[in-house]
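The structure appears below as structure tokens.
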Amino acid sequence: MNFHIMTLFPEMIQQCLSSSITGRAESKGYISFNAVNIRDFSNDLKHHKVDDYTYGGGAGMLMQAQPIYDCYLSLKEKIGKDKPRVIYVTPQGKVFDQQMAADFAKEDDLIFLCGHYEGVDERVLEEIVTDYVSIGDYVLTGGELPAMVMIDAISRLVPGVLNNDESALTESFHNNLLEYPQYSRPEEWMGKKVPPILLSGDHKKVDEWRLEQSILRTKERRPDLYEKYILENPPKPEKPKRRRKKKKNEDTENLNVSESIENNEGFEIKAKDQ
Ligand code: ADE
């Protein structure tokens, strides 16, 4: 997977991504980073100007279309694809999540456009951008940090980047659940003991406990994710305790899913993906 980043601050990108796990993956050849300075494509050979005033007035400067478009053309030629995927990082975009990271990780090449100043001339965006993506509802000074956040999240899903391919799947957000609590040595610290089940050596019980903890933690900390998990893994209706004659479809007619979520009822704990 090759990441191409159109930016006014290539050294910021290169330095950050060449450290830690992304840096190791780059040196092993699983991913590559190509931070390109938009300024190098300015037609203003004297000052390498890339911004100008906004038509119609308004505070601040706007990044001009021409240097960005020429930078894009040079990357397009390098990639050798007619319509490469171009992500414009902007607070106006769709909010980035794990599912988007997984979709982007399927590409061979991704181009990120990092904006600055008051934004970018709309015409070049219309011409080259395929995806408008935000990292959250707040405004940063530029697109470099959001681009690096996304590149980090996408990189770790590229096969080979993490030492153990499995760990990418079992961590937080797999199946819309947060990760269960984890413990290392010593067995007791500041009077707090490691949950005994984790010392039992019974792997099935440990898996069940972890799934249960994931569900409880998600319900408490991220009710929005919990709702998604429940929709995809609906609780099984409880079997009636006493035998009595049933009306047709009574079981499903009377099942109130949100009520049973509230009461934690009818949950079948399956350790399927652990
Ligand atoms: N540029 C400035 N703020 C941003 C954000 N929240 N997400 C993506 N790009 C941005």
Side-chain angles (χ1 to χ4, degrees), residues 1-22 31 33-42 49-72 75 83-107 109-158 172-173 221-222 224-225 228:
M1 151 80 81
N2 306 305
F3 295 98
H4 310 268
I5 305 102
M6 300 198 275
T7 171
L8 294 175
F9 301 96
E11 61 296 332
M12 182 177 171
I13 303 267
Q14 210 70 49
Q15 199 168 35
C16 173
L17 294 178
S18 297
S19 319
S20 189
I21 294 177
T22 46
I31 48 180
F33 305 118
N34 172 32
V36 185
N37 197 338
I38 298 168
R39 217 173 271 288
D40 293 344
F41 294 85
S42 169
K49 205 165 113 66
V50 288
D51 59 321
D52 212 329
Y53 293 102
T54 317
Y55 279 120
M61 306 286 266
L62 210 59
M63 283 174 76
Q64 293 169 288
Q66 175 272 315
I68 293 174
Y69 191 62
D70 288 349
C71 183
Y72 162 79
L75 286 176
K83 195 83 186 122
R85 204 137 179 208
V86 179
I87 300 162
Y88 176 44
V89 288
T90 165
Q92 296 184 12
K94 193 172 165 206
V95 177
F96 187 67
D97 64 11
Q98 193 65 26
Q99 184 55 51
M100 282 167 95
D103 286 345
F104 287 136
K106 292 179 196 146
E107 302 284 338
D109 290 272
L110 285 174
I111 301 177
F112 286 82
L113 170 59
C114 305
H116 259 273
Y117 311 118
E118 287 309 303
V120 174
D121 189 309
E122 193 65 25
R123 293 165 295 183
V124 71
L125 298 177
E126 286 167 9
E127 204 58 42
I128 69 171
V129 173
T130 56
D131 302 82
Y132 293 79
V133 188
S134 165
I135 60 161
D137 292 337
Y138 41 84
V139 181
L140 301 167
T141 54
E144 282 74 16
L145 286 172
M148 288 192 279
V149 166
M150 292 180 214
I151 290 169
D152 188 288
I154 298 165
S155 293
R156 62 189 291 289
L157 300 177
V158 173
S172 295
F173 300 118
R221 296 188 185 174
R222 290 291 305 272
D224 54 325
L225 278 183
K228 284 194 203 165

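Whatever order the structure lists ligands and atoms in, that order sets their numbers, starting from 1.
Protein residues with a heavy atom under 4.0 Å from ligand 1 are Val89, Thr90, Pro91, Val133, Ser134, Ile135, Gly136, Tyr138, Val139, Leu140, Gly142, Pro146.
Side-chain atoms of Thr22 come within 3.5 Å of backbone N or O of Leu17 as a donor-acceptor pair. Distance alone, capped at 3.5 Å, is enough to place a donor-acceptor pair between the Thr130 side chain and the Val86 backbone.
For NZ of Lys94, the number of neighbouring non-hydrogen atoms (other residues, nucleotides, ligands) closer than 6.0 Å is 12 at most. Around CD of Gln66, the count of heavy atoms belonging to other residues, nucleotides or ligands within 6.0 Å exceeds 12.
Using a 4.5 Å heavy-atom cutoff, the side chains of Ile13 and Phe33 are not in contact.
Phe112 and Phe3 have tilted rings, their planes meeting at an angle from 30° to 60° on a 0 to 90° scale.
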